[in-house]
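In what follows, a structure is listed as structure tokens, so that the remarks can point back to it.
Only this structure's heavy atoms are used, side chains among them; waters, hydrogens and symmetry mates stay out.
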Amino acid sequence: MSEIYCSVVIPVYNEEANLRPLFERLCKVMDADGRPWEVLFTNDGSVDESGDILREFHAARPKQVRVIDFNGNYGQHMAIMAAFERVRGQVIVTLDADLQNPPEEVPKLLKLFDEGHDAIGGHRKDRQDDAGRRYASKVINFVREYTTDIRMTDQGCMLRAYSRKVVEAIARSGERSTFIPALAYKYASRPGEVEVEHAERAAGESKYSYYKLIRLNFDLITGFTLVPLQWFTLFAAACSLGNMALVAVLLFRRFIYPGASEAEGVFTLFAILFFLVSVCMVGIGLIGEYVGRTYQCVQQRPRYVLRELLEDLE
Ligand code: UDP
Ligand code: MG
């Protein structure tokens, strides 16, 4: 096979009902494009039939389909990372396996790549997710906008394309808990965006609970900026100033102009004290988050372990 033009990267976690229609639609679109392509599926520890179905795809198109089989569940971004370490194409497209990103939209991204963009993000037209998810995205988009220098319309859309150079930089970074679109934005020199269709999940359930989403977005913020720590320091400094003023008032009332009902203030003081304690706890949590990230790096454990690698390379 001549040099590969496009590598499609698809993370898979319990998607048995979606894989066949996905593969069929993807092949149709990519074959129609005409340039040589490959697809890398990462089986992220699925416990349903997904693994067998991927094996079937590899058997059907051994030169084109590569399967990276994790020994457990390492999360969507690590699944993409493992594929990024192995891609051969000049342009790399990421796609969800649940058919929320229609494969028919891939040519739109390829067109922008051909026009010279090196990181292309899709933003979803009429996003088909429940209101809670959409609202949570708005909040996190806002936080990201004000704490990092990453500018993108729709950070949650995983229908994206990157140049090989950007992908190699991402793979070299050796990051653990990371957020790939943000990393790509950092390494790109001409990022671009395009509107893409979005469908409801074809079958199965979302793999992200609100808890997992919060953790992912913590990775996005703490992985890319120290601003939360700095904001916290500023806020704590403002609290201490307020506290100094309060001490001055209390001393004044105690020694210079004794009030009649001093005991009434006790509960107010409790309230202030509780508030300050909670500020400290938030601070400890925040520092813990950064220390935890450092700890993971220091341990130097392998980021993922493969059970099997199905590929037929020349
Ligand atoms: N996914 C994965 N590992 C995980 C969670 C998700 O590989 O731990 C894959 C999943 O199979 C899908 C994509 O990541 O292809 C996006 O997941 P999902 O559709 O559940 O996320 P949502 O669209 O609800 O944000
Ligand atoms: Mg989805």
Side-chain angles (χ1 to χ4, degrees), residues 74-81 119 121 123-124 127 129 131-158 160 162 166 169-188 191 193 206-246 271-301 303:
Y74 293 87
Q76 180 186 3
H77 291 256
M78 192 53 76
I80 295 174
M81 197 66 122
H123 56 93
R124 295 168 283 192
R127 183 169 166 197
D129 280 315
R133 282 289 294 269
R134 290 201 308 269
Y135 191 72
S137 287
K138 285 216 170 85
V139 174
I140 191 66
N141 259 308
F142 178 83
V143 176
R144 194 240 324 122
E145 195 74 18
Y146 282 93
T147 57
T148 71
D149 53 6
I150 296 158
R151 300 282 166 267
M152 49 178 75
T153 314
D154 186 1
Q155 62 195 21
C157 179
M158 287 312 275
R160 289 172 181 274
Y162 313 106
V166 168
I170 295 175
R172 260 202 318 277
S173 74
E175 295 248 4
R176 276 156 195 275
S177 30
T178 193
F179 199 88
I180 286 179
L183 215 47
Y185 184 88
K186 288 232 154 241
Y187 298 145
E193 289 197 327
S206 171
K207 307 300 179 294
Y208 283 99
S209 59
Y210 278 100
Y211 173 65
K212 254 178 115 174
L213 272 182
I214 290 173
R215 286 186 31 190
L216 179 69
N217 284 298
F218 246 96
D219 286 340
L220 170 62
I221 304 301
T222 57
F224 288 88
T225 173
L226 293 178
V227 166
L229 274 182
Q230 289 153 359
W231 279 4
F232 179 77
T233 312
L234 283 178
F235 181 62
C239 286
S240 342
L241 278 181
N243 246 25
M244 272 192 254
L246 182 69
I272 293 168
L273 185 68
F274 287 161
F275 171 70
L276 290 179
V277 169
S278 63
V279 168
C280 288
M281 292 201 307
V282 171
I284 292 172
L286 195 56
I287 295 168
E289 189 69 28
Y290 285 99
V291 173
R293 292 185 76 87
T294 318
Y295 175 59
Q296 282 183 331
C297 292
V298 172
Q299 279 180 322
Q300 293 202 328
R301 294 193 186 150
R303 292 176 302 156

* Asked: Do Arg293 and Glu175 pass the side-chain contact (heavy atoms from CB on, under 4.5 Å) test, and can you show the C-alpha distance, the side-chain angles, and the key distance before you say yes or no?
  -> CA-CA 10 Å; Arg293 292 185 76 87; Glu175 295 248 4; 4.1 Å; yes
* Derivation and outcome, side-chain contact (heavy atoms from CB on, under 4.5 Å), residues Ile150 and Gln155 -> CA-CA 10 Å; Ile150 296 158; Gln155 62 195 21; over 6 Å; no
* Asked: For Met78 and Met81, what are the C-alpha separation, side-chain angles and deciding distance, and is it a side-chain contact (heavy atoms from CB on, under 4.5 Å)?
  -> CA-CA 5 Å; Met78 192 53 76; Met81 197 66 122; 4.1 Å; yes
* side-chain contact (heavy atoms from CB on, under 4.5 Å) evaluation trace for Asn217 with Arg144 -> CA-CA 9 Å; Asn217 284 298; Arg144 194 240 324 122; over 6 Å; no
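Thr225 contributes a side-chain N or O that, together with a main-chain N or O of Val227, makes up a donor-acceptor pair within less than 3.5 Å. Judged by distance alone, the side chain of Arg151 and the main-chain N or O of Tyr185 form no donor-acceptor pair under 3.5 Å. A donor-acceptor contact shorter than 3.5 Å links the side chain of Thr147 to the backbone of Val143. A donor-acceptor pair is defined here as one N or O able to donate and one able to accept, closer than 3.5 Å; such a pair exists between the side chain of Arg134 and the backbone of Asp129.
Rounding to the nearest 0.5 angstrom, the gap separating the OH atom in Tyr162 from the CD1 atom in Ile80 is 7.0 Å. Expressed to the nearest 0.5 Å, how far CG of Leu229 lies from CG of Leu286 amounts to 4.5 Å. Between the CD1 atom of Ile140 and the CD1 atom of Ile214 there is a distance of 9.5 Å, given to the nearest 0.5 Å. Note that the CG atom of Asn141 and the CG atom of Asp154 stand 7.0 Å from one another [nearest 0.5 Å]. How far OG of Ser173 is from CG of Leu183: 4.5 Å, rounded to the nearest 0.5 Å. Note that the OH atom of Tyr187 and the CD1 atom of Ile170 stand 7.5 Å from one another [nearest 0.5 Å].
Ionic pairing of Asp219 and Arg176 is not present here: no N-O contact between side-chain nitrogen and carboxylate oxygen is shorter than 4.0 angstrom.
Between Thr178 and Phe224, some side-chain heavy-atom pair lies under the 4.5 Å cut-off. Using a 4.5 Å cut-off on side-chain heavy atoms (C-beta onward), His123 and Met152 make no contact. By the 4.5 Å heavy-atom criterion applied to side chains, Ser177 and Phe218 are not counted as neighbours. Side-chain atoms of Tyr74 and Arg303, non-hydrogen and from C-beta on, never get closer than 4.5 Å to each other.
Enclosure of atom CD in Gln299 by more than 12 non-hydrogen atoms of other residues, nucleotides or ligands within 6.0 angstrom is indicated. The environment of CZ in Arg133 is crowded: more than 12 heavy-atom neighbours from other residues, nucleotides or ligands sit within 6.0 Å. Few gaps surround OH on Tyr210; more than 12 heavy atoms of other groups in view lie less than 6.0 Å from it.
What you find for Ala184 and Ala119 is that their closest heavy atoms are O-CB, 4.5 Å. In this structure, Phe235 and Val279 approach most closely via the heavy-atom pair CE2-CG2, 3.8 Å. Ala236 and Ser240 get closest at one heavy-atom pair: O-OG, 2.7 Å.
Residues that satisfy the side chain to side chain donor-acceptor pair (under 3.5 Å) test with Gln76, not counting sequence neighbours, are Asp96, Tyr208.
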